[in-house]
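Heads up: the structure comes next, in structure tokens.
What you see is a predicted model; the values in this text were computed from it and never measured.
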Amino acid sequence: MPAAAPSSRVAGTSKPITSLPWSLLLLSIILQLALGLLFGHLYDTRIFMATGYLVGSGQNPYVAQDLTAVFNNSSFQGMTAVGYPPPWPIVLGFLYRSVYSVIPNLLVYNLAIKLPVIAANIGLAYLVANILKNLGSDAATCRRAWVVMLLNPLLLYFASAWGQIDPIVALLALASLVLLHKEKSGLSAVLLALALSFKPTPLPLLAVALVYLMGTSVWQAIRYSALFLGGVLLFCVAPFIILGWSPGPILRSWNAHFTVGGGLSFMSYFEFLYDTYRLSGNWWLLGLA
């Protein structure tokens, strides 16, 4: 009698994985909490802390301010504004109100900012393992993927230590694809819009979803696009109206992300030549590239 074909289910349609070692999960959590407490990006962490204060105190986080007196630390002098859409600043505002305003300690605040990222790291590990399981992978493969995600050096460095929010974006985007596969396209569109509203990097997945849906129904693709656009408006535009934030600073500096060099890019030579990472004149076009 022939063996049954592997299931094409992705996630949430069978029993959850129960054979994963708790010791490795605990190790990952302890390691991430330690990195989150003791480390942070010199620039981004200060911006996130400042953004939390501005949102938590009812101010526009897209207007740069000198917050030296607020945090009693000269590092907060000459701050620039946050470069993320509203959902992440709103989360930071909640963390400021619930943590720093209660325990005014920068190390504790630093760790609090990393907690959503650490939670996303763990959620991403379980989601990846569950997807593999429901696609028919054996237990050993699922366990290896789970361990790789929990103890991935890149995730530990960029997320837990640095504090970048890419795991949140990845978790939401991957969950969106899972829902799309399960024919829950409406919820998938909203979740993908939320992922993009944290950080625009998952935008190419919109094309993937639309091509997938057009294979069965053009109307489904149109509906998905409409719900996605509605989600983006809800998560990115509505907060400016509801919270009274002026979008003027963003509109005036729409290309701010492209006017700097340095980092792990071919533009690093510019900083060596001119001792500045600011790209003057039309150099920002190379920044865009």
Side-chain angles (χ1 to χ4, degrees), residues 11 25 28-29 31-52 61 80-95 109-132 145-180 188 190-209 228 231-232 235-236 256-258 260 262-265 267 287-288:
L25 174 61
S28 175
I29 292 174
L31 182 58
Q32 292 191 72
L33 290 176
L35 292 171
L37 176 69
L38 300 175
F39 293 91
H41 193 275
L42 178 63
Y43 177 81
D44 287 353
T45 300
R46 290 184 298 131
I47 294 293
F48 290 168
M49 289 179 172
T51 299
T80 56
V82 67
Y84 292 84
W88 181 235
I90 291 173
V91 171
L92 293 173
F94 171 79
L95 292 172
Y109 190 24
N110 180 44
L111 174 60
I113 289 173
K114 311 288 183 57
L115 291 180
V117 178
I118 293 172
N121 273 343
I122 296 170
L124 195 58
Y126 276 96
L127 181 58
V128 167
N130 212 43
I131 289 173
L132 290 174
W146 180 76
V147 172
V148 166
M149 296 302 296
L150 279 182
L151 301 174
N152 188 308
L154 289 177
L155 284 177
L156 294 176
Y157 174 74
F158 287 109
S160 306
W162 181 338
Q164 274 296 322
I165 63 172
D166 296 82
I168 299 175
V169 180
L171 178 62
L172 293 171
L174 185 57
S176 171
L177 293 181
V178 169
L179 290 170
L180 182 64
S188 169
V190 174
L191 209 58
L192 183 59
L194 180 58
L196 181 134
S197 299
F198 270 92
K199 202 170 187 178
T201 47
L203 182 59
L205 292 182
L206 175 61
V208 173
F228 174 81
V232 171
F235 300 129
C236 291
H257 283 83
F258 311 127
V260 293
L264 294 176
S265 73
M267 293 300 297
L288 172 61

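- No donor-acceptor distance shorter than 3.5 angstrom exists from the side chain of Lys199 to the backbone of Asp166, with no hydrogens or angles considered.
- Separating the CG atom in Leu156 from the CD atom in Gln32 is a distance of 5.5 Å, to the nearest 0.5 Å.
- We find the CG-CG distance between Leu95 and Leu115 to be 7.5 Å, quoted to the nearest 0.5 Å.
- The distance from the CD1 atom of Ile29 to the CD1 atom of Ile122 is 4.0 Å, given to the nearest 0.5 Å.
- In terms of heavy-atom proximity, Cys236 sits nearest to Pro85 at SG-CB, 4.0 Å.
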(request) Determine, step by step, whether Leu150 and Leu25 satisfy the side-chain contact (heavy atoms from CB on, under 4.5 Å) criterion, reporting the C-alpha distance in whole Å, the side-chain angles of both residues, the deciding distance to 0.1 Å, and the verdict. (result) CA-CA 7 Å; Leu150 279 182; Leu25 174 61; 4.3 Å; yes

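- Here the side chains of Val91 and Pro116 are in contact, with some heavy-atom distance below 4.5 Å.
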Using distance only, find each side-chain donor-acceptor pair of residues 33-42 under 3.5 Å and give its atom names and separation, not counting sequence neighbours.
from  : atom 1 : to    : atom 2 : distance (Å)
His41 : ND1    : Tyr43 : N      : 3.1
His41 : ND1    : Asp44 : N      : 3.1

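- Between Pro61 and Pro89, the shortest heavy-atom distance links the atoms CG-CB, 4.3 Å.
- In this structure, Ser160 and Leu31 have side chains that are not in contact, with every pair of non-hydrogen atoms separated by 4.5 Å or more.
- Counting heavy atoms from C-beta outward, Ile168 and Val117 have side chains that approach closer than 4.5 Å.
- Between Leu177 and Ser188, every side-chain heavy-atom pair lies at or beyond the 4.5 Å cut-off.
- Note that CG of Leu179 and CG of Leu174 are 10.0 Å apart. Values are rounded to the nearest 0.5 Å.
- Counting only heavy atoms from C-beta outward, the side chains of Trp146 and Tyr126 approach each other to under 4.5 Å.
- No side-chain heavy atom of Met49 sits less than 4.5 Å from a side-chain heavy atom of Leu92.
- Between Phe228 and Leu196 the shortest side-chain heavy-atom distance falls below 4.5 Å.
- For the residue pair Ser176 and Leu191, the shortest heavy atom distance occurs at N-CD2, 3.8 Å.
- Although no hydrogens or angles enter the test, the distance criterion places no donor-acceptor pair under 3.5 Å between the side chain of Ser197 and the main chain of Pro87.
- Aromatic ring centres of Phe48 and Tyr84: separated by under 6.0 Å.
- In this structure, Leu155 and Pro167 have side chains that are in contact, with non-hydrogen atoms separated by less than 4.5 Å.
- Rounding to the nearest 0.5 Å places CZ of Phe158 at 12.5 Å from CG of Asn121.
- Proximity of a side-chain donor or acceptor of Thr51 to a complementary backbone N or O of Ile47 within less than 3.5 Å is detected.
- If you take CG on Leu205 and CG on Leu172, they are separated by 11.5 Å, rounding to the nearest 0.5 Å.
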